[in-house]
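Each remark here refers to the structure printed beneath this line.
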Amino acid sequence: MKRTKIKDLLHGEGGEVLVKGWVKTRRDSKGGFSFLEINDGSCLANIQVVAEHTLPDYSSIENQLTTGSCVSVRGKLVASKGKGQSKEVQATEIRVYGSAPVDYPLQKKRHSFEFLREIAHLRPRTNTFGAVMRVRNRLAFSIHRFFQDQGFVYLNTPIVTTSDCEGAGEMFQVTTLDLSNPPRADGAVHGKIDFSQDFFGEKTFLTVSGQLEGEIYAMALAEIYTFGPTFRAENSNTSRHLAEFWMVEPEMAFYDLDDNMDLAEEFIKFLLSDVMEHCAEDMEFFNKRIDTTILETLKNIIDNRFERLTYTDAIHQLQKASKIFTYPVEWGFALQAEHERYLSEKVFKKPIIVFNYPEQIKSFYMKLNEGGETVRAMDVLLPNLGEIIGGSQREENYEVLLQRMRDKDIDPEEYWWYLDLRKFGSAPHSGFGLGFERLVQFVTGMENIRDVIPFPRTPKHAKF
RNA sequence: UCCGGUGUGGCGCAAUGGUAGCGCACUCGGCUGUUAACCGAGUUGUUAGAGGUUCGAGUCCUCUCACCGGAGCCA
C-alpha cells in the first residue's frame, strides 16, 4: 500500500490509509488509547492518530512512541470525535521505524532560534523551519516560472572564477596547493607563492556574482537569468548577511533602466502573490507566530506601485526631514541604512526604487548618464528589510567603459572578454541581482537570515 | 571589524555582594475523546573559561571564548 501524504489526507475521502511521519507529541488517555500527532513535512498541520491499546503488539512499542520518533501507521481515515481537528486516523497497525530517546532535543514547546541553530540537523522538524523551507521552495519554483514564462533562458554561471576585482566584496580563494609548503617563485623561502602550479594554473576564487558572465549570454540569447550560490568573504556579522547565499540575476539585452525597474517590480509582485496563493497555510502561520503584520505588508506591496525617485530627489527628501541622522546627508555620499529606512518606512511607507546614483559611488560597468555625474543604477528598498535588489543599465559604449575602468583602477587586460562584448555587436542592456535569502526573509517575516537557509555559513561558522 | 548586550539544570528564565530558585521537559502516581492537556510528588547545577577584589562573588574588576542586537560592507 502506498503512503498518503498528510497534506492530501486532510482533504481526503476516508477509508484505508497508510501514514508515515514523525511523532510531534503523544497524549495518553486512560480510556485505553493514546493520541499521536504525526507530521510528515508535506504541510504544517499534523494528523491525529488514535491508537487503541488493544492493537497487536502495542505494549511492546508503547515506550517507543515518543516525541521525535518515526512511525508508519496503517488505519482508517475517519471523522474525528474530538474538537480541534475534523479528521483523524483510527490505527489498525503501528510500526516504529526509529524511536527517539528522552534526550531528543526538541521539546513540545517553543525554542529560541539561537538554540535551534546549534541543532541545524533537527530544526527542520519544527513547525517554523518546515514552513520556512516550504516557502523557500515555492519561491525558488516561482522564480523559475516567472522567467520561463517570459522566455528567459536559465544560465549556469561558474562557481570558480579568476576575476578577483569585481568590486562586489572580498572573495574566498580556491586552491589545491599545500598551504604548509606552497611552491615559491624563484625558489626563495619567502618568495611570492607560485600560483602557476595551482590546479587552474592561476589564482582562483569562489564567485561573488554571475553578472559579468550573464552579460555574455545576454549578448547572444537576449534574455537570461542565473540562480545560483554566491560567496562573500566579508566579515559581516548581521542578520542580513551570509558568506554563502543564493542570488538571482537576470540580464536583458535591449532593456534600458526603466525596463529594468519595471521588470524588478513586476518580479517581486509576482513572487509575493504566488507564495500567498500557494503557501496559504504556512503564511497564516507566519502571520500568527512570527510577524502579525506580514500578510498585510505583502498585500500592500502587491497592490501599490513602487515609489521611484532619483538619488538626487532622495537626498532632497532627507535634507528636509526633521529627523537627525547619524551619517551626513550630502549629494555624493552613499545612502546609509538609516536613510533608506527613513525613506521607505517613514516618507513613502512602501517599497521604493532609488535610481541615478552618483558615478563615484557605483561600479564601473554601470551606464554613465549624460553629463557624466550619475550612472543608471537602481536599488529596490523594502520597508524593514532594506536593499533586496541592486541593478543597473550596463555601459555599452566601448570607449566610455574603458575610461571608467581606468578611473576605478581596474585592469582592462583582465576584462578583455568583457570589453569585447562592446567591441563586437554591442547593445544596450540591463540587469539586476536579487538576494534569495533576503526575499525568503522578507516573505516569512523571519528576523535573522540564518534562519531562512538550511545551513547558514557566516564568519566562524560552517558546521553541518 | 566597531559599538552595545547576554552567558545560571536538557530548554526558557529568576535571584540588593550573604543558604542558587521557578516554568517546561523528564520519572512516579492520579484524572481525562485528549489538543502547548490537567492535578500531585520527585530527579536534575564546578552559575561559559581563567585570574583578581572581598570575611563572603551568579552578582564587582581584568582578560579570553561564545552567542544576540545595531553599524559598516552589501544581496
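Computation of the quantities below employed the complete heavy-atom set of this structure, encompassing side-chain atoms and omitting hydrogens, waters and symmetry-equivalent molecules.
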Q) Honestly, is Lys362(A) close enough over Tyr357(A), meaning NZ or CZ under 6.0 Å from the six-membered ring centre and within 45° of the axis? A) yes
Q.
Using a distance-only criterion (donor-acceptor N/O pair, under 3.5 Å, no hydrogens), is the base of U35(B) paired with the side chain of Gln85(A)?
A. yes
Q.
Could you tell me how far C26(B) sits from G9(B) if I compare only their C1' atoms? Round to whole Å.
A. 12 Å
**Q.** Base U34(B) to side chain Glu37(A), donor-acceptor N/O within 3.5 Å cut-off
**A.** no
Q. Watson-Crick or G-U wobble partner for A20(B), using a 3.5 Å limit on both distances?
A. none
(Q) For the C1' atoms, the ones on U53(B) and on C60(B), what distance do you get once it is rounded to whole angstrom? (A) 8 Å
Q: May I ask you to evaluate whether Ser112(A) reaches the phosphate of G12(B), defined as a side-chain N or O under 4.0 Å from OP1 or OP2?
A: yes
Q) Within this structure, what is the CZ-to-P distance between Phe115(A) and A25(B), rounded to whole angstrom? A) 15 Å
Q. What's the NZ-P distance between Lys81(A) and U32(B), to the nearest Å?
A. 16 Å
Q: Answer yes or no: does a side-chain N or O of Gln336(A) lie under 4.0 Å from OP1 or OP2 of G72(B)?
A: yes
Q) Measuring from Glu340(A):CD to Ile352(A):CD1, what's the distance to the nearest 0.5 Å? A) 7.5 Å
Q. Using the P atom in both, what is the distance from C13(B) to G18(B), to the nearest Å?
A. 24 Å
**Q.** Given G72(B), C73(B), G33(B), the nucleotide with the shortest approach to the side chain of Ser29(A)
**A.** G33(B)
Q) Hey, is CD on Gln85(A) packed in by over 12 heavy atoms from elsewhere, all under 6.0 Å? A) yes
Q: Answer yes or no: does a side-chain N or O of Ser239(A) lie under 4.0 Å from OP1 or OP2 of G70(B)?
A: yes
Q: Provide the distance between the two C1' atoms, one in G45(B) and one in C22(B), to the nearest whole Å.
A: 14 Å
**Q.** Closest listed nucleotide, where the reference is the side chain of Asn237(A) and the choices are C73(B), C74(B), U1(B)
**A.** U1(B)
Q: Would you kindly check whether a donor in the side chain of Ser236(A) faces an acceptor in the base of C73(B), or vice versa, at under 3.5 angstrom?
A: yes
Q: Round to the nearest Å and state the distance from Ile119(A) atom CD1 to A25(B) atom C1'.
A: 14 Å
Q. Across all strands, who's sitting opposite A41(B) as a Watson-Crick or G-U wobble pair, both distances under 3.5 Å?
A. U27(B)
Q. Which whole-number value in Å describes the distance from Arg117(A) CZ to G12(B) P?
A. 12 Å
**Q.** Atom P, compared across G58(B) and G21(B): separation rounded to whole Å
**A.** 13 Å
Q) Which is true for Asn235(A) with a 4.0 Å heavy-atom rule: it touches a base, it touches only sugar-phosphate, or it touches nothing? A) base
Q: Look at all strands and tell whether Arg26(A) reaches a base, only sugar-phosphate, or nothing, counting heavy atoms closer than 4.0 Å.
A: nothing
Q.
Please determine whether a side-chain nitrogen of the Lys or Arg among Arg123(A) and Asp451(A) lies less than 4.0 Å from a carboxylate oxygen of the Asp or Glu.
A. yes
Q | Whichever of Phe33(A) and Thr25(A) has its nearest RNA chain B nucleotide further upstream toward 5' | A | Phe33(A)
Q.
What contact category does Leu439(A) fall into here, base, sugar-phosphate, or nothing, at under 4.0 angstrom with non-hydrogen atoms?
A. nothing
Q.
Does C38(B) have OP1 or OP2 under 4.0 Å away from a side-chain N or O of Arg27(A)?
A. no
(Q) Categorize Glu437(A) for me: base, sugar-phosphate, or nothing, with a 4.0 angstrom heavy-atom threshold over every strand shown. (A) nothing
Q) Just how far is it from atom CZ of Arg95(A) to atom CD of Gln64(A), taken to the nearest 0.5 Å? A) 12.5 Å
Q.
From the set G33(B), C68(B), G72(B), return the single nucleotide nearest to any side-chain atom of Phe35(A).
A. G33(B)
Q. Under 4.0 Å: is that the gap between some side-chain N or O of Asn448(A) and OP1 or OP2 of G69(B)?
A. yes
**Q.** A50(B) - base-pair partner by Watson-Crick or wobble geometry, distances under 3.5 Å
**A.** U62(B)
Q) What nucleic acid atoms does Glu340(A) come within less than 4.0 Å of, heavy atoms only: base, sugar-phosphate, or nothing? A) nothing
Q: Could you pick out which residue, Ala334(A) or Arg289(A), lies toward the 5' side of RNA chain B when each is mapped onto its nearest nucleotide?
A: Arg289(A)
Q.
Please report whether the ring centroid of His53(A) lies less than 6.0 Å from that of Tyr58(A).
A. yes
Q) Between the base of G33(B) and the side chain of Glu88(A), is there a donor-acceptor distance below 3.5 Å? A) yes
Q. Can you tell me the Watson-Crick or wobble partner of G69(B), both distances under 3.5 angstrom?
A. C3(B)
(Q) Rounding to an integer number of Å, can you tell me how far Asp28(A) CG sits from U34(B) P? (A) 14 Å
Q. Parallel, tilted or perpendicular: which fits the ring planes of Phe270(A) and Phe146(A), with parallel below 30° and perpendicular above 60°?
A. tilted
Q) Once you round it to whole Å, what is the distance between P of A36(B) and CG of Leu106(A)? A) 18 Å
**Q.** Spacing of the C1' atoms in C28(B) and C67(B) (rounded, Å)
**A.** 37 Å
Q: May I ask you to decide if the ring planes of Phe267(A) and Phe147(A) are parallel, tilted or perpendicular, using 30° and 60° as cut-offs?
A: tilted
Q. Taking the six-membered ring for Trp, are Phe227(A) and His144(A) parallel (under 30°), tilted (30 to 60°) or perpendicular (over 60°)?
A. tilted
**Q.** Whole-Å P distance, G10(B) and G49(B)
**A.** 13 Å
Q | Base paired to U8(B) (Watson-Crick or G-U; both N/O distances under 3.5 angstrom) | A | none
Q. Please give, in whole Å, the distance from G70(B) C1' to Tyr327(A) OH?
A. 10 Å
Q.
Distance check needed: G33(B) C1' versus Lys87(A) NZ, whole Å only.
A. 19 Å
Q: Give one of base, sugar-phosphate or nothing for His241(A), where a contact means two heavy atoms less than 4.0 Å apart.
A: base
Q | U27(B) and A37(B), which share atom name P, separated by this distance in whole Å | A | 14 Å
